[in-house]
Structure formats: C-alpha cells, structure tokens
Number of protein chains: 2
Amino acid sequence: MRRLSRELGRSAMAPYWYVNDKRELLDLVTRKLLSEVKLPEPDSGPWEDRLREVVTGIDARLHDHPGIAAVMLERMQNTDRRLMNGIMEILLDAGFEGADVFLSYAMIHTYLFGRYQVVGVDTPDPAKGLPGDLEDTLQRLIPHLTKLRGRDFFNYGVDTIIAGLQAQLAAKKRPRRRR
Amino acid sequence: MRRLSRELGRSAMAPYWYVNDKRELLDLVTRKLLSEVKLPEPDSGPWEDRLREVVTGIDARLHDHPGIAAVMLERMQNTDRRLMNGIMEILLDAGFEGADVFLSYAMIHTYLFGRYQVVGVDTPDPAKGLPGDLEDTLQRLIPHLTKLRGRDFFNYGVDTIIAGLQAQLAAKKRPRRRR
DNA sequence: ACCTGAACACCGTTCAAGT
DNA sequence: ACCTGAACACCGTTCAAGT
C-alpha cells in the first residue's frame, strides 16, 4: 500500500479512500485481470478443447502478472464468477455431476494458480559438498531438466489433468470398483 | 522471527546466532517435518499404490502444520532430497523417462503443496445483493459443496493425477498422435 | 469528495557490544 | 559460545484533520 501510494505520488493513506484494506484492492486487481479472459462458445468444440482454451487464456494473463496468482490461489471464490461458472459449465458438459464438478474445478484451480508459486529446481552447485551420492536420482536427471521451459510444465500439467478427468468420467460410467 | 524470540523468552536477535535469515530457519523446519515421512519399499506394490502412500504421508504432516506448505510449494528443491528422489524413483519404476520424470514430479508437487494455500468457497450470502442470476451454475451446485471435506478434495485430486499419469504412460507406449 | 500527517503496532535485519 | 540493545528501513492501518 505504501509503495503504491509512493508510485502514485500520494500519501500513504490515499488508497484507503477507495478501498477498505489491502485484500479488497487485490481482489479488484484479480477481477480486472480475469475479466479480460475469453470463454469459448459452448458449442465450439469438445469439452477438452474448451477447457484447455480457458485455462490457457488464464495462464496467459498470469504470465504477464505472476505475482497476482498467489492471491487467486488463496481464495477460490475470489476468482471471477464468470470464469468459475464457465469452467463448471464445461465440466457439466463433459458429464460431471454434483460434487464432482467442484472436485474437478478445485483441482484445476489449485494447479493453475499454484504453478506460479513454485520456483524451479536450481541445478545444485557441484562445488558445494555432497555433490551427489550414487543413488541420487535427481542428480542423474538434471540434464533433462535444463531443457524444460515453463510452457512445457504447463502443457504437461494440463494434459495430465484432462486425461485424469477423462478417466474419472470413464470410471463413473462403468464402475468396476466400488465407490 | 520476533514472535519466535518472544515465545522463547529471548531477544529479537537471538535466532540469528543459529541461522542466517528467516528463509534458512523455514528450510530447517520443512526438512525436519518431511524427514518423518516414510518411503515405501521399492517392491512393496504397484507404483500407483506407492505414490499414493508417500503423498498421503506428506499430506498428513502438512495437515498438522498447514502453514509450512507455502514454503514447500515455493521452493521445489527445498523439498527433502530423500523424498524427491523417492518419488522420482517411483516414477521411473512406473515407466517415465528423462524429462517426463520432472514434469510428473512438478505436477504432483504443485498440487500437493498448492492445496494448502486454497481456502474453500464460502457459500455466498443471499442477503448480500445479486444473490444469483438464473445462469449461475455455481449457485446451483452449492448444496453439493457443503458435503465435501478436505479429505475428499485430496483423494479426488490424487486419483485424478494418478489416472492422468497412467494415461501419459499409455500415450507414450502407443503414440497415435505425433509429439 | 479526496487527501494528508501523525501515530500505533508490527516486521526482518545490521552492527557493535556484553558475559 | 550465546545473547542483548539500539537502530534502520520497512509494513498495514486508525483516527482526526485539512481543503
């Protein structure tokens, strides 16, 4: 709040005329950001593609303003109602019902916004003692890590979630195991 | 730091004799917590069950100390090497190779620790204006939400991730689409 | 209507000093 | 070896007041 005021050339208390507290300001920021994300038309394709489209749209906004993802992660309901409804409608179209819609939404939400909180694995400094036991799997795999970009993590995560949701739907239709 | 010192009956600067800064202290706390999580024996069952076991073990520790999850979410490498290696070995056993091990691990990590940052959807106050448009899907589904517990979200999330990972493996074995 | 100033109760951390 | 005290540069926020 103080830094904001400073950058705007106002006193520390100026923002408090517009807003009750910091949380309220951040809520307005998240809403503004998410309002620019488009929802695909309900008949524009299979649910998997539509889900991927919204989620990619959200991710693009977060890419420009990664700091705000923490706020969105924290409070689910703070997410734009329009987007939350849009995603839930896609999930209903997919065949989810009742509580499963929430469970699926929560999973997507957690991954989508949680992603931005994670900072990558640094390659461990080999000069810094205990450079690697023989059984250090991480050590062995490090070369592969350096090739990966943020986009790869995102695509893989979304692919895996969609595939997982498809499996949940399939399990519901022909339940081999008991609930 | 100040509150810690206060609770220990020491001056504000006392912790700084043991630790360089706050981050370092929190790293020690996470390591201590995760060191108590058991890794299943490599031949104790199918990879899905072993993965579920570790992840459930981690979640149990987080349940007792939810605040620390934010620290673990943030810095992947700060996660106990033992656990990270353990999970990656399970993924190797499952059939993942190279970069896919990292991509899969990152997904699990993000979900597992991100979960604790999310606070639930409050049921919206109907007295507080705009109680619900007709097309408010969220509103319609609220009754189902109230039945859900934290454990339900966790189980559903883990099930979905495991099913998703299985699908990724299957897609790798018989690649119908191109990479 | 829009903003300021002083004050309060906090933070993490540096640095020199004490026993 | 282990800790203290004073100080610095920050926070978010309350409250009364100014134009």
Side-chain angles (χ1 to χ4, degrees), chain A residues 1-35 61-62 64-80 109 113-122 124-125 128-130, chain B residues 1-35 61-62 64-80 109 113-122 124-125 128-130:
Chain A
M1 303 301 275
R2 289 183 109 105
R3 197 183 145 198
L4 170 69
S5 314
R6 211 186 313 135
E7 290 189 15
L8 294 175
R10 292 287 177 281
S11 84
M13 286 309 297
Y16 288 92
W17 190 84
Y18 301 90
V19 114
N20 279 315
D21 54 19
K22 190 182 173 182
R23 199 188 53 74
E24 206 173 300
L25 208 175
L26 290 174
D27 283 3
L28 290 172
V29 176
T30 65
R31 243 154 247 190
K32 171 70 180 166
L33 261 175
L34 292 180
S35 72
R61 307 303 290 125
L62 293 177
D64 299 340
H65 311 276
I68 206 68
V71 182
M72 298 180 177
L73 176 62
E74 237 181 275
R75 295 187 301 291
M76 245 195 204
Q77 78 175 97
N78 181 49
T79 313
D80 202 308
H109 183 102
F113 298 110
R115 235 171 75 70
Y116 279 87
Q117 294 309 104
V118 182
V119 325
V121 182
D122 296 345
D125 188 355
K128 208 188 129 203
L130 285 191
Chain B
M1 303 302 275
R2 290 184 109 105
R3 196 183 145 199
L4 170 69
S5 315
R6 213 187 312 136
E7 289 189 17
L8 294 175
R10 292 287 175 282
S11 82
M13 285 310 296
Y16 288 92
W17 190 83
Y18 301 90
V19 114
N20 279 315
D21 54 19
K22 190 183 174 183
R23 197 189 54 75
E24 207 173 299
L25 208 175
L26 289 174
D27 282 3
L28 290 172
V29 176
T30 65
R31 243 155 246 189
K32 171 69 179 166
L33 262 175
L34 291 181
S35 72
R61 307 302 292 125
L62 293 177
D64 299 340
H65 311 275
I68 206 68
V71 182
M72 297 177 176
L73 176 62
E74 237 181 277
R75 295 190 300 291
M76 246 195 205
Q77 78 175 96
N78 181 49
T79 312
D80 201 307
H109 182 102
F113 299 110
R115 236 170 75 68
Y116 280 87
Q117 295 307 106
V118 181
V119 324
V121 181
D122 296 345
D125 188 354
K128 208 188 128 203
L130 286 190

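In this text the structure is predicted, and so the values were computed from the model without any measurement. Chain A is the first sequence line, chain B the second, and so forth, proteins listed ahead of strands; every chain is numbered from 1.
Residue A/Arg23 is classed as having no contact, given no heavy-atom separation below 4.0 Å to the nucleic acid. The residue A/Tyr18 sits close only to the backbone: its heavy atoms come under 4.0 Å of sugar-phosphate atoms, none of a base.
Using Watson-Crick or G-U wobble geometry with both donor-acceptor distances under 3.5 Å, C/dA1 finds its partner in D/dT19. In this structure D/dT14 sits in a base pair with C/dA6, meeting the Watson-Crick or G-U test at under 3.5 Å.
Rounding to the nearest 0.5 angstrom, the gap separating the CG atom in A/Asp27 from the CG atom in A/Asp80 is 11.5 Å. Distance check, rounded to the nearest 0.5 Å: CG of A/Leu33 to CG of A/Asp64 gives 8.0 Å. In this structure, the separation between CD on A/Gln117 and CZ on B/Arg75 is 12.0 Å, given to the nearest 0.5 Å. In this structure, OG on A/Ser11 lies 12.5 Å from CZ on A/Arg6, to the nearest 0.5 angstrom. Atom NZ of A/Lys22 sits about 8.0 Å away from atom CE of A/Met1, to the nearest 0.5 Å.
Atom CZ of A/Arg2 and atom P of C/dC3 are 17 Å apart (whole Å). Separating the CG atom of A/Asp21 from the C1' atom of C/dC10 is a distance of 17 Å, rounded to the nearest angstrom. Rounded to whole Å, atom C1' of D/dT13 lies 15 Å from atom CG of A/Leu4. With rounding to whole Å, B/Tyr16 atom OH is found 10 Å from C/dT14 atom C1'. Atom-to-atom, CE of A/Met1 to P of C/dT4 comes out at 14 Å; the value is rounded to the nearest Å. The separation between B/Arg10 atom CZ and D/dC2 atom C1' is 9 Å, rounded to whole Å.
Note on A/Arg6: every side-chain N or O is 4.0 Å or more away from OP1 and OP2 of D/dC10.
Nucleotides D/dA16 and C/dC2 have their C1' atoms positioned 15 Å apart, rounded to a whole Å.
Nearer the 5' end of DNA chain C, as judged by each residue's closest nucleotide, is the contact made by A/Trp17, out of B/Asn20 and A/Trp17.
Among D/dA7, D/dG12, C/dG5, the nucleotide with an atom closest to any side-chain atom of A/Met13 is C/dG5.
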